[in-house]
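The block underneath contains the structure these notes are about, expressed in structure tokens.
In what follows, chains are A, B, ... by sequence order, proteins preceding strands, each numbered from 1. Since we're looking at a predicted model, the values are computed, not measured.
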Amino acid sequence: MSEIPKSYEPRDVEKRWYAAWLEAGCFKGRAQPGREHYSIVIPPPNVTGVLTMGHVLNNTLQDILIRRARLEGKSAVWVPGTDHAGIATQTVVERELRKQKVHRRDLGREKFVEKVWSWREEKGGIILEQLRRLGASCDWDRTQFTMDPHYSRAVLGVFVDLFRKGNIYRGKRMVNWCPASLTALSDEEVIMKPQKGFLYKVRYELVDRPGEFIQVATTRPETIPGDVAIAVHPDDPRYTALIGTKVWRPLVRAQIPIIADSAVDKEFGAGSLKVTPAHDRVDFEIGQRHSLEVRDVLNPNGTLNDLAGPELAGMDRFAGRKKSAELLEASGNLVAAEPYENNIGYSERADVPIEPRLTWQWWLRYPRVEEAKQVVRDGVIRFHPDRWEKVYLHWLDSIQDWCISRQLWWGHRIPVWYRKGIERETLTEADLRDPAKLHVSLDGPPDPENWEQEEDVLDTWASSWLWPFATMGWPDETAMREQNLATFYPTSTLVTGPDIIFFWVARMIMAGLEYMNPGEPIEQRVPFRNVYFTGIIRDGQGRKMSKSLGNSPDPLDLIDKFGADGLRFGIISIAPQGQDIRFQEDRIEAGRNFCNKLWNASRFRQMSGPMGDNSSVDAILSRLEPAKFDADDHAILLGLLRLESEITDAFAKFEFSGAVQKLYTFFWSDFCDWYVEVSKSKLQPPSSSDSGAPRDESLKGNCLAIQDLVLRQVLLLLHPFTPFITEELWHGLGYGAEGTFIQDQSPGFAKEFEARIGSLDAAAAAQVEQLKASSNQVRALKAEYNLASKRDVKLSLTATDAQWAILSSSLAGFTRMAGAAEVIRTPEPQPGPSIVTALGTFTLDLASQVDPAAEKQRLAKELEKVRGHIAGTEARLANKAFTDKAPPAVIDGAKKQLADLRDKAAEMERLIAAL
RNA sequence: GCGCGGUUAGCUCAGCGGUAGAGCACUACAAUGACACUGUAGGGGUCGUAGGUUCAAAUCCUAUACCGCGCACCA
């Protein structure tokens with residue numbers, strides 16, 4: 001490498017290596033016998049999607065796991081793909097069409113679906129392209145789409161199977177109806193929001209006693225034309241006499257009965273409830289119990305229909321609300337309208353209030369509910385963090401049947417055919433099982449001319465719940481073999497957000513248990529063994545990032561600005577396990593800075609001396625001369641070994657931000673700020689400002705080899721987090737031959753080190769801590785006297801022989817680090833600014849410039865601090881309870897500390913007296 | 001109403017029994033053969049509040065306040 005730029009420039013490096021990885025097939029998932037496997041399926045983003053910060057976090061984590069698995073020699077695969085995302089995609093395309101003043105009805109179903117497909121062809125790959133920029137090492141040849149022919153067959157096949165098993169039925173029930181998307185939604189797609197409105201108190205006149213009234217409260221007066229009864233609590237003495245009598249409905253005037261039902265809350269309002277079975281879940285149930293008519297006054301799009309009466313018909317539900325209140329007021333039946341706030345359900349996608357609506361839908365009774373609970377309770381599947389287990393189990397405990405039909409065109413059309421001429425409204429449960437009336441199959445009836453296919457499509461999640469195995473060829477035997485389903489299922493880890501724990505995670509578990517590896521142990525049937533829940537990325541104000549708020553930075557801009565590695569490193573560093581994340585660009589900047597530091601440390605290594613044989617760990621180890629290790633060498637190597645085990649541990653615990661933090665601190669503080677700086681005194685030719693001790697060539701050789709070793713291992717540990725720069729430097733520093741890749745190596749070196757070098761000296765590492773602390777103190781003293789940090793000062797030192805032994809063995813390094821020209825041992829303290837350290841008392845050679853009074857004051861102030869410490873420690877040791885009960889190590893520590901502090905105080909007193 | 005998080009330096013967050021940490025920001029110094037995307041030093045916190053357990057509490061327990069989220073909801 002000749003011309004190395006001063007700062008790391010990611011753009012070219014990223015492009016080059018990503019192409020090289022693809023070219024070499026580095027990401028290909030192969031089943032390799034004898035190797036452990038590691039597999040991940042991507043949570044499929046919507047085909048309509050573009051990359052968000054959420055995707056960046058989520059996919060970086062997956063990439064980290066999969067790249068680490070490759071380093072560990074596992075046979076790894078990461079399966080990518082996209083989701084057809086029924087409502088979302090259909091809405092996007094409809095919006096596009098509307099710009100051209102076209103409605104989907106104008107096109108008709110077939111043409112419209114064609115449009116969506118061509119739209120997908122055009123824009124559907126964007127997000128996957130963006131993932132490549134991030135560095136995602138997916139096996140792209142396996143890219144899946146939930147509407148691919150083979151995938152669709154899996155989805156419809158499951159429908160047919162579950163229908164035959166009796167889990168799927170057609171039923172007329174109250175559903176969550178979205179008046180904007182014109183479809184039913186599952187309970188999970190409804191979000192509750194508080195809404196300000198009015199509570200209207202309305203009086204209904206008693207038929208038998210004109211002039212007397214019963215009062216009810218409602219937030220929705222526009223539904224009064226749908227009232228079919230007034231309900232009171234059976235035990236409510238106020239109304240016992242009225243039960244069974246009739247009242248006049250004030251809008252679309254008619255007689256309706258007063259009934260008794262215990263669902264009524266006696267305490268709320270007047271304790272009486274208007275019953276509108278078509279427009280409220282509770283009312284519907286009351287209606288069922290009392291065989292009441294269902295009087296639907298709304299059209300599917302949320303406007304009022306003719307049953308609402310001529311004044312209201314045709315109006316939107318919200319305008320109708322206002323109008324109906326006016327009508328009630330005009331007729332004198334509105335008693336009051338009080339401001340009121342209540343929670344109402346909104347369609348998650350369309351963001352409009354949903355309507356409870358009675359419609360025919362397809363329902364699924366979930367299979368394997370008990371097993372799904374059991375696998376999580378027993379730890380067959382582990383959640384990280386585990387608190388989500390509770391949420392998951394609670395949902396399964398109160399699980400309701402799943403409404404799987406959607407009144408959309410974009411999706412998997414339900415494989416059900418009705419015999420022509422059949423009255424669908426009256427089909428009974430038995431009729432559904434009668435092949436003369438209903439045909440359910442994958443390929444349709446043999447005589448299609450006599451049948452009509454169901455118009456509805458399946459909920460998107462009714463396809464994505466098969467993702468962990470339908471992406472690997474299931475249920476086609478040949479495809480399963482080709483795609484190594486037997487090897488890669490169950491997958492290893494699922495990385496996803498807790499917001500889809502019900503939508504997706506729970507359902508995948510049930511689907512896996514129902515369909516995979518029947519008869520085998522439950523460990524083989526679950527879809528994954530670990531679920532890592534990420535936090536949600538919020539903006540600086542804590543708001544969720546969303547397109548509509550425009551508060552989400554474009555990750556591609558961040559990649560341009562800071563590099564993919566910088567972005568990855570930064571985002572992981574602010575993403576502690578399971579905690580929401582406030583996005584701050586300066587952390588991404590810190591990620592870039594770290595990459596730059598790594599780059600420059602490598603650059604420095606190249607400039608420091610000739611590169612030795614770096615082709616393997618053993619090659620580097622054989623260059624070491626352990627007999628000549630100095631304290632710094634011991635310390636940095638111990639640190640490197642510790643780092644290796646800490647990172648291994650962090651992966652086991654899914655603590656990625658902790659891992660990143662450890663790598664950062666070790667590399668920047670321990671290696672660059674200390675080891676490399678100390679190295680300079682060994683590596684650089686003596687200069688005039690240095691004390692001119694001759695360089696020992698073996699010291700230099702050790703130093704370079706150790707730098708090579710540290711850099712090598714750090715690159716390996718870092719590679720999953722920052723793949724591009726580590727690959728670049730891996731080759732730049734000669735660790736890997738051309739045509740090989742960093743991922744082919746093992747991340748650890750502890751075993752080889754143990755075998756070749758043996759153990760290191762922990763005492764030496766402790767000495768380095770003293771050297772660091774002492775040099776810090778000297779620097780601080782210099783700063784206090786406004787001396788530049790350059791080496792331009794003579795230090796004199798009074799020290800015991802033991803202290804001097806430590807210091808003299810590292811004298812050149814220490815002198816450099818303390819920022820001194822030289823350190824001279826003197827028997828007695830010299831006059832001048834002094835500092836008492838663990839390695840002796842250092843004095844700046846500034847005698848003439850020092851004001852003794854000021855120096856006295858400075859020392860006195862510091863002495864006071866030390867005495868405070870002494871007093872505290874003495875008190876602790878004097879406490880019998882402490883000495884009796886605290887562990888010996890703690891007590892010894894306190895004693896040692898006290899002794900050191902007393903020595904220090906004595907020395908300071910001596911200095912003060914001498915002034 | 002039930003459940004789950006959070007409350008630590010100006011900001012964003014680690015720490016989760018042994019006398020407070022990081023990054024950013026701030027102050028001062030440093031144009032040096034790796035790096036100004038840098039180096040050195042510094043200021044800044046009675047760890048939400050009140051009790052309790054313990055020789056020892058930011059850390060464990062109990063209450064409580066505030067912020068956020070989820071589930072269930074009374075019209």
Test of understanding: with salt bridge (charged side-chain N to carboxylate O under 4.0 Å, His left out), list the residues that count as partners of A:Glu589, not counting sequence neighbours. A:Arg592
Once salt bridge (charged side-chain N to carboxylate O under 4.0 Å, His left out) is applied, do any residues pair with A:Asp235, and if so which ones, sequence neighbours excluded? none
Are [X] and [Y], when compared by the centres of their aromatic rings, separated by less than 6.0 Å?
{"X": "A:Phe594", "Y": "A:Tyr664", "answer": "yes"}
{"X": "A:Tyr532", "Y": "A:His384", "answer": "no"}
{"X": "A:Trp395", "Y": "A:Phe502", "answer": "yes"}

Please state how far atom [atom1] in [X] lies from atom [atom2] in [N], giving the value in whole angstrom units.
{"X": "A:Arg538", "N": "B:rC69", "atom1": "CZ", "atom2": "C1'", "value": "7 Å"}
{"X": "A:Ile537", "N": "B:rC69", "atom1": "CD1", "atom2": "P", "value": "17 Å"}
{"X": "A:Met192", "N": "B:rG3", "atom1": "CE", "atom2": "P", "value": "20 Å"}
{"X": "A:Asp236", "N": "B:rC74", "atom1": "CG", "atom2": "P", "value": "19 Å"}
{"X": "A:Glu589", "N": "B:rC37", "atom1": "CD", "atom2": "C1'", "value": "7 Å"}
{"X": "A:Asp261", "N": "B:rA75", "atom1": "CG", "atom2": "C1'", "value": "13 Å"}
{"X": "A:Asp499", "N": "B:rG68", "atom1": "CG", "atom2": "P", "value": "19 Å"}
{"X": "A:Glu341", "N": "B:rC73", "atom1": "CD", "atom2": "C1'", "value": "14 Å"}

When rounded to the nearest Å, what value does the distance between [atom1] atoms of [N] and [M] take?
{"N": "B:rU32", "M": "B:rG23", "atom1": "C1'", "result": "26 Å"}
{"N": "B:rC13", "M": "B:rG68", "atom1": "P", "result": "14 Å"}
{"N": "B:rG43", "M": "B:rU27", "atom1": "P", "result": "16 Å"}
{"N": "B:rA56", "M": "B:rA41", "atom1": "P", "result": "37 Å"}
{"N": "B:rG5", "M": "B:rG15", "atom1": "P", "result": "14 Å"}
{"N": "B:rA57", "M": "B:rG52", "atom1": "C1'", "result": "11 Å"}
{"N": "B:rG42", "M": "B:rA22", "atom1": "P", "result": "11 Å"}
{"N": "B:rU53", "M": "B:rA63", "atom1": "C1'", "result": "15 Å"}

When you measure from the side chain of [X], which nucleotide among [options] comes out closest?
{"X": "A:Val282", "options": "B:rC4, B:rC74, B:rC55", "result": "B:rC74"}
{"X": "A:Thr218", "options": "B:rU40, B:rC71, B:rA75", "result": "B:rA75"}
{"X": "A:Pro887", "options": "B:rC55, B:rU40, B:rG3", "result": "B:rC55"}
{"X": "A:Ala886", "options": "B:rA34, B:rC71, B:rG18", "result": "B:rG18"}
{"X": "A:Lys680", "options": "B:rA41, B:rA34, B:rC55", "result": "B:rA34"}
{"X": "A:Lys597", "options": "B:rC73, B:rG18, B:rC35", "result": "B:rC35"}
{"X": "A:Arg387", "options": "B:rC69, B:rC4, B:rA34", "result": "B:rC4"}
{"X": "A:Asn776", "options": "B:rA75, B:rA41, B:rA34", "result": "B:rA41"}
{"X": "A:Asn596", "options": "B:rC69, B:rG18, B:rC37", "result": "B:rC37"}
{"X": "A:Cys672", "options": "B:rC37, B:rA34, B:rC4", "result": "B:rA34"}

What nucleic acid atoms does [X] come within less than 4.0 Å of, heavy atoms only: base, sugar-phosphate, or nothing?
{"X": "A:Asn342", "answer": "sugar-phosphate"}
{"X": "A:Ser398", "answer": "nothing"}
{"X": "A:Glu389", "answer": "nothing"}
{"X": "A:Val391", "answer": "nothing"}
{"X": "A:His869", "answer": "base"}
{"X": "A:Asp586", "answer": "sugar-phosphate"}
{"X": "A:Arg779", "answer": "sugar-phosphate"}
{"X": "A:Ala780", "answer": "sugar-phosphate"}
{"X": "A:Lys274", "answer": "nothing"}
{"X": "A:Asp280", "answer": "nothing"}
{"X": "A:Cys595", "answer": "nothing"}
{"X": "A:Tyr340", "answer": "sugar-phosphate"}

Identify, between A:Val190 and A:Phe594, the residue whose nearest nucleotide on RNA chain B lies closer to the 5' end. A:Phe594
Check: protein-nucleotides 10-16 of chain B nitrogen or oxygen pairs below 3.5 Å:
{"from": "B:rU12", "atom 1": "O4'", "to": "A:Gln584", "atom 2": "OE1", "distance (Å)": "3.1"}

Does OP1 or OP2 of B:rG39 have a side-chain N or O of A:Trp668 closer than 4.0 Å? yes
Tell me whether the OP1 or OP2 atom of B:rC29 has a side-chain N or O from A:Tyr785 closer than 4.0 Å. no
Any luck finding a side-chain donor-acceptor pair between [X] and [Y] under 3.5 Å?
{"X": "A:Lys274", "Y": "A:Thr223", "value": "yes"}
{"X": "A:Asp261", "Y": "A:His290", "value": "yes"}
{"X": "A:Tyr204", "Y": "A:Asp227", "value": "yes"}

Less than 4.0 Å between a side-chain N and a carboxylate O, is that true for A:Arg220 and A:Glu222? yes
Any chance you could encode RNA chain B as dot-bracket? Rule is Watson-Crick or G-U wobble with both distances under 3.5 Å; [ ] for pairs crossing earlier ones, | for another strand. ((((((((.[[[[.)..(..]]]].(((((.......))))).....[[[[[..)....]]]]])))))))....
Minimum heavy-atom distance A:Tyr239-A:Ala270, with the two atoms named: OH-O, 2.5 Å
Can you give me the closest heavy-atom contact between A:Ile354 and A:Arg317, atom names plus distance? O-NH1, 4.1 Å
Answer yes or no: does atom CD of A:Glu267 have more than 12 heavy-atom neighbours from other residues, nucleotides or ligands under 6.0 Å? no
Mind jotting down which residue pairs meet the side chain to side chain donor-acceptor pair (under 3.5 Å) criterion with at least one end in residues 887-900 of chain A? Sequence neighbours excluded, please. A:Lys896-A:Asp900
What pairs with A:Arg876 under side chain to side chain donor-acceptor pair (under 3.5 Å), at least two apart in sequence or on another chain? none
Pair of N/O donor and acceptor under 3.5 Å linking B:rC35 base with A:Lys6 side chain: no
